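Let me begin by presenting the structure, written as structure tokens, before commenting on it.
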2 protein chains.
Amino acid sequence: MKERDELDRCDCNVIHEDVVNAVREKMPSEENLYDLAELFKVFGDTTRVKILWALDEAEMCVCDLAVLLNMTQSAISHQLRVLKQARLVKYRKEGKIVYYSLDDEHIKNIFDQGLIHINEKHWRGV
Amino acid sequence: MKERDELDRCDCNVIHEDVVNAVREKMPSEENLYDLAELFKVFGDTTRVKILWALDEAEMCVCDLAVLLNMTQSAISHQLRVLKQARLVKYRKEGKIVYYSLDDEHIKNIFDQGLIHINEKHWRGV
DNA sequence: TTAACACTTGAACAATTATTTATATTTATA
DNA sequence: TATAAATATAAATAATTGTTCAAGTGTTAA
């Protein structure tokens with residue numbers, strides 16, 4: 001029975017061993033990289049991107065978002081739950097209406113960086 | 001049979017109509033928001049985040065990445081394909097070895113913004 | 001108290017996706 | 001030319017996920 005290491009190791013690793021080890025030492029913790037991926041997973045959905053974009057413009061209630069995005073209140077509510085858990089939105093209750101707003105000033109920055117990438121790649125021709 | 005609009009519209013929309021309409025006008029195109037979500041979807045996987053982070057440190061071949069991340073060459077190759085399609089990495093061939101490297105200077109910026117969010121939320125207590 | 005409203009939640013379903021396994025391709029070497 | 005090395009790819013599987021549907025809160029108003 002072969003070991004994992006033995007299975008995947010190939011000759012070029014001997015040549016590149018120093019490089020690989022140097023990178024390994026500089027790598028952030030497993031936990032940090034996991035959290036980072038989890039955060040981007042939240043941004044990786046059209047509905048949530050739209051919600052965040054909308055909330056960056058104005059505070060809105062669930063029903064407003066449902067009409068704006070032409071979706072079910074339930075679907076919006078489910079996604080707001082995800083955004084809440086990721087600490088990206090906060091809310092305040094006013095009677096039976098729940099108003100949501102952004103809970104992070106970096107969202108616009110992250111979006112802008114993303115758009116820069118998209119636009120750059122676009123005029124380079126896809 | 002009720003219409004979609006009629007189904008989801010609720011009383012508060014009448015009050016918030018102006019706000020919702022204003023936001024609707026300012027919203028980026030459907031296509032832009034879709035592309036943005038697609039980009040973040042690529043960042044939303046631990047393996048890909050690790051690969052990008054590693055390639056930001058040094059150019060590496062598929063085999064190096066497999067050893068570094070303790071994963072199958074096949075798995076790495078599959079993810080590199082995704083990153084290639086998203087124009088986040090580029091490659092050069094040297095004999096039978098294929099060296100991959102970053103194809104975008106904004107990746108580090110996006111990661112940093114993400115980490116700022118994570119760390120901020122962390123000391124606020126989860 | 002009852003009914004309507006705004007919203008939340010849980011289960012079910014369809015769709016997507018990351019990894020594995022096995023096979024194919026390309027290049028270097030014996 | 002035959003073999004091995006480095007990588008790519010195709011199909012299969014398991015796991016995750018977004019939306020819908022139905023039922024459930026909690027708040028307001030009649």
Side-chain angles (χ1 to χ4, degrees), chain A residues 2 4 6-16 20 33-34 37-38 40-51 59-86 89-100, chain B residues 2 4 6-16 20 33-34 37-38 40-51 59-86 89-100:
Chain A
K2 282 190 173 186
R4 189 55 193 277
E6 191 187 341
L7 196 71
D8 287 334
R9 188 171 301 278
C10 50
D11 295 355
C12 60
N13 290 135
V14 181
I15 314 168
H16 304 146
V20 174
L33 293 171
Y34 178 82
E38 285 302 303
F40 288 126
K41 207 173 282 180
V42 176
F43 288 116
D45 176 80
T46 318
T47 302
R48 289 193 292 265
V49 166
K50 286 177 187 171
I51 292 176
E59 181 190 61
M60 295 175 95
C61 69
V62 182
C63 181
D64 291 336
L65 288 165
V67 171
L68 176 67
L69 306 185
N70 198 40
M71 290 179 71
T72 308
Q73 280 187 18
S74 178
I76 299 290
S77 187
H78 276 295
Q79 298 299 3
L80 283 170
R81 188 165 167 272
V82 175
L83 294 171
K84 225 186 308 176
Q85 284 175 339
V89 302
K90 59 177 187 283
Y91 65 94
R92 67 181 177 85
K93 294 183 78 171
E94 199 170 279
K96 52 186 169 181
I97 302 176
V98 182
Y99 289 96
Y100 280 86
Chain B
K2 282 191 173 182
R4 192 42 187 293
E6 191 187 342
L7 197 71
D8 287 334
R9 189 172 300 278
C10 50
D11 294 355
C12 60
N13 290 136
V14 181
I15 313 168
H16 304 145
V20 174
L33 293 171
Y34 178 82
E38 286 300 304
F40 286 127
K41 207 173 282 179
V42 175
F43 288 116
D45 176 81
T46 319
T47 302
R48 288 193 292 264
V49 166
K50 286 177 186 171
I51 292 175
E59 181 189 60
M60 294 175 96
C61 69
V62 182
C63 181
D64 291 336
L65 288 165
V67 171
L68 177 66
L69 307 184
N70 197 40
M71 290 179 70
T72 308
Q73 281 186 17
S74 179
I76 299 290
S77 189
H78 275 294
Q79 297 299 2
L80 284 170
R81 188 164 167 272
V82 175
L83 294 171
K84 225 187 308 175
Q85 283 175 340
V89 302
K90 58 178 188 281
Y91 66 94
R92 68 181 177 85
K93 294 184 78 171
E94 198 170 279
K96 52 186 170 182
I97 302 176
V98 181
Y99 289 96
Y100 280 86

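Everything numeric in this text was worked out from a predicted model, so none of it was measured. Letters A, B, ... are given to chains in the order of the sequence lines, protein chains preceding strands, and every chain is numbered from 1.
Sequence order on DNA chain C of the closest nucleotides to A/R81 and B/C12 puts B/C12 first from the 5' end. Taking for each of A/G44 and B/V98 the nucleotide of DNA chain D with the nearest heavy atom, the 5'-most of the two is the partner of B/V98. When each of A/G95 and A/V82 is assigned the nucleotide of DNA chain D bearing its nearest heavy atom, the one mapping closer to the 5' terminus is A/V82.
Note: CD1 (A/I97) to P (D/dG26) measures 18 Å, nearest angstrom. Rounded to an integer number of Å, the gap from NZ of B/K96 to P of D/dT3 is 16 Å. Atom CD in B/Q85 sits roughly 15 Å away from atom C1' in C/dT16 (whole-Å rounding). D/dT20 atom P lies 10 Å from atom CD of A/Q79, rounded to whole Å. D/dT19 atom P lies 12 Å from atom CG of A/L80, rounded to whole Å. Taking atom CE of residue B/M71 and atom P of nucleotide C/dA18, one finds them 10 Å apart after rounding to whole Å. Taking atom CZ of B/F43 as the reference point, atom C1' of C/dT17 lies 18 Å away to the nearest angstrom. D/dT7 atom P lies 12 Å from atom NZ of B/K84, rounded to whole Å.
Of the side-chain N and O atoms in A/Y100, none sit less than 4.0 angstrom from OP1 or OP2 of C/dA6. Dashed line: the shortest gap from a side-chain N or O of A/R48 to OP1 or OP2 of D/dG18 is under 4.0 Å. For B/Q73 and D/dA5, the shortest distance from a side-chain N or O to OP1 or OP2 is not below 4.0 Å. At the phosphate of D/dT19, neither OP1 nor OP2 sits under 4.0 Å from any side-chain N or O atom of A/T72.
Taking every side-chain heavy atom of A/A75 into account, D/dT20 is the closest of C/dC7, C/dT26, D/dT20.
Across all strands, B/Y99 comes closer than 4.0 Å to no nucleic acid atom at all (heavy-atom distances).
Across all strands shown, D/dA8 forms a Watson-Crick or G-U wobble pair with C/dT23, both key distances being under 3.5 Å.
Ring geometry for A/F40 against B/F40 counts as parallel: the plane angle stays under 30°, on a 0 to 90° scale with 60° as the upper cut.
In this structure, the side chains of B/L65 and B/L80 come closer than 4.5 Å at one or more pairs of heavy atoms.
An aromatic stacking contact links B/H78 with the base of D/dT9, defined here by ring centres under 5.5 Å apart and ring planes under 30° from parallel.
Between the side chain of A/R48 and the backbone N or O of A/K41 there is at least one donor-acceptor pair closer than 3.5 Å.
By the neighbour-count criterion of 12 heavy atoms within 6.0 Å, atom OH of A/Y99 is densely surrounded, having more than that number from other residues, nucleotides or ligands.
Interatomic distance, A/I51 CD1 to A/L69 CG, rounded to the nearest 0.5 Å: 6.0 Å.
Contact annotation: side chain of B/S74 to base of C/dT21, donor-acceptor pair present below 3.5 Å.
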